[in-house]
Amino acid sequence: MDDQATTSLPVEEDGEPLAGSVKRYERHLAVCTGGPPELWAARVEEMEGLFTALHAALRARRLHKQVKLTACDAPSTGWEGFDVFLLPDMLVLPALTVEKVGALADALQGGGDLPIVATPLPAGDHVFVCHHANRDLRCGTWGPRFYAALERELMEQRVPAHLHRSSHLGGHRFAAVSIIYPEGVWYGNLRPDDAPRLVSEHLVHRRLLPDKYRGRLGSSPCEQVAEAEAARVLARDYGDYTDLRVAVREHGQVARVLATASVPGPRGPVGVSAEFALFCPTVWWTPDEEPIFASDCESPS
């Protein structure tokens with residue numbers, strides 16, 4: 001890996017950064033409502049019943065900034081309540097009812113066991129694509145187009161991933177937006193012709209798409225920028241790589257980054273590493289989790 005690599009932010013076509021645009025969170029509750037996305041309210045947290053109860057319980061425990069709450073189109077299996085995916089734990093909480101919401105929020109806060117016997121999600125990647133037209137037309141336009149292309153590509157490449165239509169994830173202007181679990185990797189500005197690359201590069205070979213990468217669960221904007229830059233340099237210099245790891249030490253707006261990975265060698269995989277500095281982006285988020293960048297993230301001299 002070139003240790004003199006540039007550390008500018010990967011940007012989309014109009015010059016706006018993508019990496020660093022994921023608001024930090026630690027867990028994701030996806031409520032399995034079944035049915036078409038058209039039935040979701042503009043703000044699912046205001047839908048009466050389980051959604052409002054979950055939203056209130058998370059806020060009461062100050063977890064609403066750590067736990068993402070969305071709807072997905074997976075069907076629930078019980079006669080009462082809704083099944084809920086707990087991510088990135090990769091668990092299904094079957095038939096969650098309003099009466100059990102408080103105990104669930106307590107468990108997420110670390111104060112007790114889950115109130116329901118959880119079962120594992122089906123093995124493999126779970127890909128969520130925002131379809132939430134009632135929240136933003138961009139998601140309702142590009143989400144279904146990318147979803148359909150990705151569904152076809154998974155069949156053609158015979159990759160056993162699980163696709164889910166999702167409500168608002170965050171970052172309307174980056175539609176189509178997708179999250180891949182269990183890694184919790186976010187992509188944005190996805191178009192139908194990106195589907196083959198996402199399947200072959202990410203789902204098969206576990207390589208990031210640096211030009212579409214927004215960030216990942218549990219990481220800071222600075223860590224997201226560092227990972228995108230490391231992936232970009234690896235793709236440029238080696239094409240093929242595995243086991244990318246990025247360690248970031250932040251000191252105010254400047255960070256030192258150590259990136260390591262394995263690349264093909266004549267006698268097998270070879271470890272490579274690089275150290276570089278970058279300016280961390282200053283980011284604010286609107287109530288809709290739209291990022292507002294206040295740094296051009298030029299490389300420090």
Side-chain angles (χ1 to χ4, degrees), residues 1-25 170-171 173-174 177-180 183-191 194 197-198 200-265 269-285 290-301:
M1 198 184 308
D2 182 0
D3 60 4
Q4 301 299 317
T6 177
T7 54
S8 299
L9 271 169
V11 297
E12 58 175 306
E13 290 182 1
D14 65 2
E16 186 177 26
L18 272 176
S21 65
V22 174
K23 187 175 182 179
R24 185 165 191 155
Y25 70 107
R173 68 183 187 272
F174 301 127
V177 173
S178 178
I179 312 176
I180 302 174
E183 297 164 295
V185 168
W186 287 57
Y187 289 112
N189 291 338
L190 293 165
R191 298 293 180 263
D194 293 316
R197 195 160 58 105
L198 187 138
S200 63
E201 289 291 305
H202 187 116
L203 299 183
V204 175
H205 295 292
R206 318 315 297 183
R207 293 191 291 260
L208 296 178
L209 279 60
D211 58 319
K212 300 292 182 178
Y213 176 81
R214 290 186 57 190
R216 74 167 70 222
L217 171 145
S219 63
S220 70
C222 198
E223 290 169 329
Q224 295 166 22
V225 172
E227 188 171 28
E229 173 60 16
R232 186 188 70 79
V233 173
L234 283 164
R236 181 195 68 192
D237 292 351
Y238 300 101
D240 189 11
Y241 68 89
T242 57
D243 301 322
L244 172 61
R245 298 287 186 272
V246 176
V248 179
R249 289 183 298 169
E250 298 182 32
H251 303 282
Q253 279 196 290
V254 180
R256 298 296 305 182
V257 181
L258 172 63
T260 61
S262 296
V263 300
V270 176
V272 295
S273 65
E275 293 190 42
F276 56 90
L278 58 79
F279 277 121
C280 296
T282 300
V283 191
W284 294 271
W285 279 270
E290 293 282 341
I292 301 172
F293 287 92
S295 172
D296 60 5
C297 293
E298 292 290 333
S299 175
S301 57

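What you see is a predicted model; the values in this text were computed from it and never measured. Nothing fancy with the numbering, it's 1 onward along the sequence.
- Taking both residues in full, the closest heavy atoms of Gly265 and Val270 are given as CA-CG2, 3.8 Å, listed atom of the first, atom of the second, then distance.
- With values rounded to the nearest 0.5 angstrom, Ile180 atom CD1 is found 5.0 Å from Leu203 atom CG.
- Side-chain atoms of Arg214 never come within 3.5 Å of backbone atoms of Trp186 as a donor-acceptor pair (strictly under, hydrogens ignored).
- The shortest distance between side-chain heavy atoms of Thr260 and Val272 does not fall below 4.5 Å.
- Evaluated for a side chain to side chain contact (heavy atoms under 4.5 Å, CB included) with Val185, the options Leu208, Val22, Ile179 yield exactly one hit, Leu208.
- Between the NZ atom in Lys212 and the CZ atom in Arg197 there is a gap of 7.0 Å [rounded to 0.5 Å].
- For Phe174 against Pro291, the heavy-atom pair with the smallest separation is CE1-CG, 3.6 Å.
- Residue Arg256 holds its CZ atom at 7.5 Å from CZ of Arg249, rounded to the nearest 0.5 Å.
- With rounding to the nearest 0.5 Å, the separation of CG in Leu18 from OH in Tyr213 is 11.5 Å.
- Taking all atoms of both residues into account, the shortest heavy-atom contact from Gly171 to Val177 is O-CG2, 3.5 Å.
- Pro210 approaches Ala228 most closely through the heavy-atom pair CB-O, 3.7 Å.
- Residues Glu290 and Arg173 meet the side-chain proximity criterion, which asks for heavy atoms closer than 4.5 Å.
- For the residue pair Glu227/Ser219, the side-chain donor-acceptor check at 3.5 Å is not satisfied.
- Going from atom CD of Glu201 over to atom CG of Asp240 covers 8.5 Å, rounded to the nearest 0.5 Å.
- Pairing each heavy atom of Gln224 with each of Ala19, the nearest pair is O-CB, 4.0 Å.
- Side-chain contact between Phe293 and Pro221: absent, with no pair of heavy atoms (C-beta onward) separated by less than 4.5 Å.
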Checklist line | Intermediate values then yes/no, side chain to side chain donor-acceptor pair (under 3.5 Å), Tyr241 and His205 | finding: CA-CA 9 Å; Tyr241 68 89; His205 295 292; over 6 Å; no
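- Here the shortest heavy-atom pairing between Trp285 and Ser21 reads NE1-O, 3.6 Å.
- At a threshold of 4.5 Å between non-hydrogen side-chain atoms, the residues Leu217 and Tyr25 count as touching.
- Here Asp194 does not pair with Arg191 in a salt bridge; the nearest charged N to carboxylate O distance is not below 4.0 Å.
- Using a 4.5 Å cut-off on side-chain heavy atoms (C-beta onward), Pro281 and Val225 make contact.
- Without hydrogens or angle criteria, Arg206 side chain to Leu244 main chain gives no donor-acceptor distance under 3.5 Å.
- Between Asp237 and Val263, the closest side-chain pair of non-hydrogen atoms is not below 4.5 Å.
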Next item on the list: Test Glu183 against Arg216 for side-chain contact (heavy atoms from CB on, under 4.5 Å), laying out the working first.
Entry: CA-CA 7 Å; Glu183 297 164 295; Arg216 74 167 70 222; 3.9 Å; yes
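- Taking CD1 from Ile292 and CH2 from Trp284, the interatomic distance works out to 8.5 Å, rounded to the nearest 0.5 Å.
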Margin query: One pair to check against side-chain contact (heavy atoms from CB on, under 4.5 Å): Leu258 and Val246. What are the steps and the verdict?
Written below: CA-CA 6 Å; Leu258 172 63; Val246 176; over 6 Å; no
